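Worksheet: one structure, shown below.
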Amino acid sequence: MTDPGRRAQLTKRYVGRFFLSLAAIGIGLFSIFPFYWMFLTSIKPESEIFTVTPKFWTGDPTLSRYTTLLKGAIGHQLLNSVIIAGGATICSIVLGTMCAYALSRFAVRAKSVIAVSLLVVQMLPAIVVVIPLFQAYRTMGLLNSYTGVIIAHTALALALSVWLIRGFLAGIPMELDEAALVDGANRFQALVYIIFPLALPGVAVSAIFAFITSWNELLLAMTFLQQESMKTLPGALQQFTSQNGTDWGGTMTASTIFALPVMVFFVLIRKYLASGAAVGAVKG
Amino acid sequence: MTVDAAARRRAQLKIIPWLLMAPTMVGIALVIGYPFVRTVWLSLHEGRGLRTGEWVGLHNYIEMVTDGQTQAAFVRTVVLTAVTVIGSMVAALLIALVLNSGLPGMKLLTILVVLPWAMPRVSAAILWKWAFDSQYGVVNWLLSSLGLSMFDGYGWFNSGNSALVVVAVAIIWAKIPFLTIAMLAALKSVPPDIVEAARLDGASAFKVLLRIKVPVMRPVIIVLFVLATIQAFQAFDHIYVMTVPPGGPNHSTEILSLLTYLEAFAFLDGGMGSALAMLTFAVLAIVTALYVRLQREETA
C-alpha cells in the first residue's frame, strides 16, 4: 500500500481518468449542444434571440412559432418528405432484398462483376446524373411529381441496400432455404417467410440508410420539385433565408419539427445501426 | 417425368436469379447508367438553356481547365475535402478511444455521439451558420469571452476563407457519428490481451495506439477514408445552404459541385455543367481505382 512506485502509478491513473472524463464531457457537449441551441432558439421570444450575450435559458418560452408554422405550408412539406422518403425506402428494400437474395443464394454467372459494379454505382455522385435526368423528367412530365423523386432516391440508395442486405444474408445458412423448398414451399415463399424475417436487422439498417439518404437529399429534390407545394424538408428550410436575412426563430422551429421524429427513431434503433455500420465498413 | 422435372428445375435456377435482379439492374441502368452516358455526350456539346446545342468536341473541357474560376474552385474542393476528411477521421478515432475506455457512462455518451446523425443535414448547416453569426452567434461570444477580442463581432461569412472554416466545422460535425461508430466497432476487434501485454511491458498508451490498435484497424480505416473522401468531394448541401448567395461572397466559396449546379441550372449551360460533372467523376474514379489497387496488394 505504501509502496511509492505503486502510489505514483495510481496517481497517474487518476490523472489520466480525470482528463479522459473531461474529454468525454467535451465530446458530449459538442454532440448535444447544437440540438439544445436549436430547440431553445425555437421557443425563445424574438427579443431573447437577438442578444449579444447569448441566453442559455429562457424564462418566457413560447410555442407560438410552432402553431403558426404547423398551420402554414410546413405541414404539407413534412408530408411530402414523409411520402418521398417512405416511398424510396420501401422501393429500395424490396428491390434490394430481391437482388441480394439472388446474389447470395444462386450460382449467378458474373456474380462478382455485378457486386463490384454496384459499388461503383454507389460512388457516382448525383451531380453527374442530375442534368440529363432533369431533361428526361421534363420530357416525361415527371418534374414536380412524387414518382420522379422517389425513383431517383431509390436508385441512390439501392446499391448500398443490396450490399448491406447481402452481408446479412451471407450469415443465414443455405440449409434453411433448402429445408423450406423440400417442405414444398416455392422460392418466393422461402424468401418471404423464412429468410426475410431472419435478415430483418440487415433490412432495418438498409431501410434507415435509405430513409436518411432521401430525407436529407437536397440537390435532386430541389431540382425536380420547383413548385412550392411539392417542396420537401431541405427546400422548406431554405425558405426562411432571403436577401434580407434569415428568420432564425422560424428556421430553428422548422428544423426541430423535422429533426424530432428522426432522432426518436434513431435512439430506438441504435443497436441495429452500430452493427450495420460495422458490416458496411468491413465489407463495403 | 423426373428427368423433365429436373430439367425444369435447372432452367428455373438459371432464370429466377435474373428475374430477382432485373428490377434493380433496370432501375440503376435507367436512372444512373443512361444519364451518366448522356452527361458524357452533353459535355461534348454546346449547352443552350439545358437543350443540347452543336457538337463542340473538347471545347468545354479546354475552357474548363483554362478558366481561373474553375481552377480556384477545384483547389478549394481539394482543400476542403482534405481538411474535412482528416479532421473528421482524427476526431472520430479520438472519440472512439474515449468511448472504448471503459469509464462509467460511456454507453450514454455513445448515444449522444450518434445523435447528430439524426439531425437533417440542412438543419445542421443552418444551425452552424446561426452559431457563427457575427453579432448574435454563440461562437463569437465564446471566443471573445475567452479573451480573443478580435472575434468580437467577427464576420465569418465576409470572406471566403473564414466562411469555409465554418463550413468545414459543420461538415466535420455531421460526419463524426458514422465514422465514430465504425471505428468503435473496429477498436472492439483489437484483442485485449495483446494490449494488456504491451502495457505490462511498459508501452505508453500512445505507443499502444500507434503500434497495435491502428495497425489492426487499418483495413477499416482505409475503407472509411475512401468513403469519406468520395462523399466530401461531392459535398454540396453545406455550401449551398450556408453561404449567401450560394458560393459567395463574390464566388469565394464556390466548390466544384456548386459550380456544376450553377452552370447547369443558373447559367443554363448544360454542356459546361456536364464537363464539370465529368471532372468530379474523373477525380472520384481515380480515388476508387487507387483504393481497389491498394486492396489487391493487401490481399495478394
Side-chain angles (χ1 to χ4, degrees), chain A residues 17 20-21 23-24 27-28 31-32 34-35 37-38 50-54 95-96 98-99 101-102 106 108 121 123-125 127-129 131-133 135 151-152 154-155 158-159 162 187 215-216 218-219 223 233-234 237 248 251 255 258-259 262-263 266-267 270 273-274 277-278 281-282 284, chain B residues 13 16-17 20-21 23-24 27-28 31-32 35-36 38-39 42 50 95 98 101 103 109 111-124 126-127 130-131 135-136 138 141 178 181-182 185 220 223-224 230 234 236-237 240-241 257 260-261 264-265 270 273-274 277 280-281 284 288:
Chain A
R17 287 198 132 203
L20 214 55
S21 311
I27 293 164
S31 303
I32 209 76
F35 287 94
W37 200 237
M38 173 175 78
F50 298 101
T51 53
V52 175
T53 306
L95 301 185
M98 281 160 56
C99 186
Y101 184 76
F106 292 91
V108 178
V121 163
M123 289 177 180
L124 270 184
I127 197 90
V128 174
V129 297
I131 300 168
L133 216 50
Q135 293 179 330
I151 291 174
T154 302
L158 195 48
V162 174
R187 275 283 170 190
W215 192 254
N216 272 331
L218 172 70
L219 178 63
T223 314
L233 141 85
L237 288 174
W248 293 113
T251 318
S255 295
F258 275 111
V262 190
M263 280 168 59
F266 253 64
V267 173
R270 60 182 188 279
L273 265 186
V282 173
Chain B
L13 275 181
I16 290 176
L20 286 170
M21 290 188 297
T24 298
I28 286 179
V31 181
I32 296 176
F36 174 66
R38 212 37 216 155
T39 301
L42 274 176
L50 283 175
I95 294 173
V98 173
S101 66
L103 279 182
L109 190 61
I111 298 175
L112 296 189
V113 167
V114 174
L115 265 190
W117 204 351
M119 174 89 93
R121 210 160 43 218
V122 173
S123 307
I126 296 172
L127 187 65
W130 171 225
Q135 276 185 293
Y136 309 116
V138 190
W141 170 80
F178 171 75
I181 294 300
V220 174
V223 175
L224 292 177
I230 287 169
Q234 44 176 301
F236 172 83
D237 305 7
Y240 185 83
V241 171
S257 58
T260 310
Y261 178 80
F265 296 100
S274 299
T280 304
F281 171 73
L284 297 187
T288 312

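A quick note: this is a predicted structure, and the numbers were derived from the prediction, not measured.
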Handout entry: Contacting region of L233(A) [heavy-atom separation from chain B under 4.5 Å]
Key = side chain

Exercise for the section: Look at the side chain of T24(B) and the backbone N and O of L95(A), then say whether any donor-acceptor pair between them is shorter than 3.5 Å. Expected result: yes

Problem - Non-hydrogen atoms of I127(A) and Y261(B) that approach each other most closely - result: CD1-N, 4.1 Å

Exercise for the section: List the atom of P35(B), the atom of L133(A), and the distance in Å for their closest heavy-atom pair. Expected result: CG-CD1, 3.6 Å

Problem - Interface moiety of I32(A) toward chain B, non-hydrogen atoms closer than 4.5 Å - result: side chain

Exercise for the section: Go through the steps for W248(A) and Y136(B) under the test side chain to side chain contact (heavy atoms under 4.5 Å, CB included), then give the verdict. Expected result: CA-CA 11 Å; W248(A) 293 113; Y136(B) 309 116; over 6 Å; no

Handout entry: CA sep, side-chain torsions, deciding dist, call: L42(B), Q135(A), side chain to side chain contact (heavy atoms under 4.5 Å, CB included)
Key = CA-CA 11 Å; L42(B) 274 176; Q135(A) 293 179 330; 3.8 Å; yes

Exercise for the section: Heavy-atom pairs under 4.5 Å with chain A are the metric here; pick the option from A124(B), P23(B), P116(B), G27(B) that has the most. Expected result: P116(B)

Exercise for the section: Determine, stepwise, if the pair V122(B) / F258(A) fulfils side chain to side chain contact (heavy atoms under 4.5 Å, CB included). Expected result: CA-CA 10 Å; V122(B) 173; F258(A) 275 111; over 6 Å; no

Practice task
Please examine the side chains of L115(B) and S31(A), heavy atoms only from C-beta on, and report whether any two atoms are closer than 4.5 Å.
Solution key: no

Handout entry: Smallest separation among heavy atoms of L127(B) and P34(A), with atom names
Key = CD2-O, 3.0 Å

Practice task
Provide the closest heavy-atom pair for L20(B) versus A102(A) in the form atom of the first, atom of the second, distance.
Solution key: CB-CB, 3.8 Å

Problem - Engaged part of L284(B) at the chain A interface, taking heavy atoms whose separation is under 4.5 Å - result: side chain

Handout entry: Heavy-atom check, side chain of P132(A) versus side chain of F36(B), under 4.5 Å
Key = no

Problem - pair V31(B)-L158(A): side-chain heavy atoms closer than 4.5 Å - result: no

Exercise for the section: Could you tell me which portion of I32(B) (side chain, backbone, both or neither) has an atom closer than 4.5 angstrom to a non-hydrogen atom of chain A? Expected result: both

Practice task
Any chance you could lay out the side chain to side chain contact (heavy atoms under 4.5 Å, CB included) test for L218(A) and V241(B), step after step, and finish with the verdict?
Solution key: CA-CA 10 Å; L218(A) 172 70; V241(B) 171; 4.2 Å; yes

Exercise for the section: Might you point out which heavy atoms bring A264(B) and I131(A) nearest each other, and give the distance in Å? Expected result: CB-CD1, 3.5 Å

Completion exercise
The interface call for T154(A) against chain B, heavy-atom contacts under 4.5 Å, is neither

Fill in the blank from the handout: Separation between CG (L237(A)) and CZ (R121(B)), nearest 0.5 Å, reads 12.5 Å

Handout entry: T280(B) portion near chain A, given a 4.5 angstrom heavy-atom threshold
Key = side chain

